Novice: 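Sharing a structure with you now.
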Amino acid sequence: MIGIFDSGFGGLTVMKEYLKRYPQYDYMYLGDQANTPYGSHSPERVNKLVVQNVEFLIKKGCKLIIVACNTASADALRHVQQKYKGKPTILGVLVPAVEEALRSSKFGRIGVIGTRGTVISNAYERELKKYQKELYKLKGKRAEKNVRAIQKACPLLVPFVEEGMIKHVVTRMMLKNYLRPLRHANVDTLILGCTHYPLLQKEIERMMGRRVAVISSGKAAADAIEDYFKRHPEVEKGLFKKGKRTYYTTDSAEKFETLGSRFLGEKIKGEKVEI
Ligand code: DGL
């Protein structure tokens with residue numbers, strides 16, 4: 001079974017991408033709605049919550065765990081990967097987004113938008129620098145294209161998206177304001193480093209203009225898993241393929257079902273759990 005978790009229902013935008021490409025697997029989703037938003041917690045708190053979520057999914061029998069939340073990936077992925085040492089395999093969303101951004105960027109001016117926690121962690125910039133070297137080594141080129149990460153925290157977008165104010169004039173004004181420094185910095189690629197932003201992707205693309213490639217971290221993560229399975233067939237072999245889906249939340253199942261269905265684009269049945 002593939003376990004996917006997030007601080008709430010945002011991670012369902014990531015799950016949606018997995019279901020689109022790989023509907024055959026069994027999935028278990030956990031939304032830690034009781035502790036949302038992770039984006040304004042300290043890294044220590046996020047680490048603690050991530051361990052709890054991972055433990056829960058391990059107990060439920062997940063053999064592969066996807067940390068769908070960008071903030072959790074930024075603050076705690078390394079920690080849980082080291083703690084569980086590949087048993088089970090735990091993957092995040094940052095590295096696939098970074099790899100895709102590096103492949104698509106012409107001038108190495110890469111914008112990143114996310115929660116305050118994600119931006120403060122500087123994880124995207126660190127990974128961009130690290131993978132820049134690897135990518136150019138692979139391509140046989142010198143690492144002459146110096147990558148610059150231009151990051152912007154957009155803390156108000158999450159609540160507005162959750163309120164369903166996707167096309168609202170206030171959301172548009174806010175977006176314009178948040179994206180201004182990125183436009184002024186002439187980014188050629190923009191990473192959507194938050195589970196909620198794919199719901200605003202069209203508007204963001206329109207504001208950034210056609211010359212800017214907009215990359216959704218969740219989509220990049222789902223795209224990358226096929227290649228991961230080729231390199232690690234033993235992980236893929238351990239997964240059940242009955243197309244079963246289970247949804248858990250740590251808070252009200254009703255709210256989870258209403259909002260979750262909107263994020264996933266299909267009706268879901270959630271169950272409240274204590275973890
Ligand atoms: N899931 C979070 C992320 O992708 C956004 C919501 C939150 O702050 O918990 O960073």
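Numbering of ligands and ligand atoms starts at 1, following listing order. This is a predicted model, so every value here is computed, not measured.
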Novice: Checking the N or O distance criterion of under 3.5 Å, is ligand 1 in contact with Tyr38?
Specialist: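 Tyr38 vs ligand 1: N/O contact under 3.5 Å present.
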
Novice: Under the ring-ring contact (aromatic ring centres under 6.0 Å, His included) criterion, do Tyr25 and Tyr18 qualify, and how do the steps go?
Specialist: CA-CA 9 Å; Tyr25 299 114; Tyr18 277 83; 9.2 Å; no

Novice: Among Cys194, Gly218, Pro37, Gly39, which residue places a heavy atom closest to atom 5 (C) of ligand 1?
Specialist: Cys194

Novice: Using a strict cut-off of less than 4.0 Å between a Lys/Arg side-chain nitrogen and an Asp/Glu carboxylate oxygen, indicate whether Glu17 and Lys20 qualify as a salt bridge.
Specialist: yes

Novice: Below a 4.0 angstrom heavy-atom separation, can you tell me which part of Thr71, side chain or backbone, both or neither, approaches ligand 1?
Specialist: both

Novice: Would you mind finding which of Val119, Thr13, Thr36, Asn70 brings a heavy atom closest to atom 3 (C) of ligand 1?
Specialist: Asn70

Novice: What atoms of ligand 1 come closer than 4.0 angstrom to any heavy atom of Ser7?
Specialist: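 Under 4.0 Å from Ser7, ligand 1 has these atoms: 1 (N), 2 (C), 6 (C), 7 (C), 9 (O).
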
Novice: Please tell me if the side chains of Val212 and Leu182 come closer than 4.5 Å, counting only heavy atoms from C-beta onward.
Specialist: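 A side-chain contact is absent here, since even the closest heavy-atom pair is not under 4.5 Å.
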
Novice: Classify the side-chain pair Thr118/Asn70 by whether it contains a donor and acceptor separated by less than 3.5 Å.
Specialist: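 No donor-acceptor contact under 3.5 Å links the two side chains.
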
Novice: With Tyr38, which of Asp32, Asp75, Asp6, Thr71 fulfils side-chain hydrogen bond (donor to acceptor under 3.5 Å, both in side chains)?
Specialist: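 Testing each of Asp32, Asp75, Asp6, Thr71 against Tyr38, the sole residue satisfying side-chain hydrogen bond (donor to acceptor under 3.5 Å, both in side chains) is Asp32.
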
Novice: Write out all pairs satisfying ring-ring contact (aromatic ring centres under 6.0 Å, His included) with one or both partners inside residues 160-202, taking only residues at least two apart or from two chains.
Specialist: His196-Phe263

Novice: Please confirm whether His196 comes within less than 3.5 Å of ligand 1 when only nitrogen or oxygen atoms on both sides are compared.
Specialist: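 No, no N or O pair falls under 3.5 Å.
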
Novice: So which heavy atom in the protein is nearest atom 2 (C) of ligand 1, and how far is it from that ligand atom?
Specialist: Cys69 SG, 3.4 Å

Novice: Please identify which atoms of ligand 1 are closer than 4.0 Å to at least one heavy atom of Thr115.
Specialist: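 Every atom of ligand 1 under 4.0 Å from some heavy atom of Thr115: 5 (C), 8 (O), 10 (O).
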
Novice: Do Glu226 and Arg21 touch side chain to side chain, with heavy atoms closer than 4.5 Å?
Specialist: no

Novice: List ligand 1 atoms under 4.0 Å from Asp6, heavy atoms only on the residue side.
Specialist: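 Near Asp6, the atoms of ligand 1 are 1 (N).
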
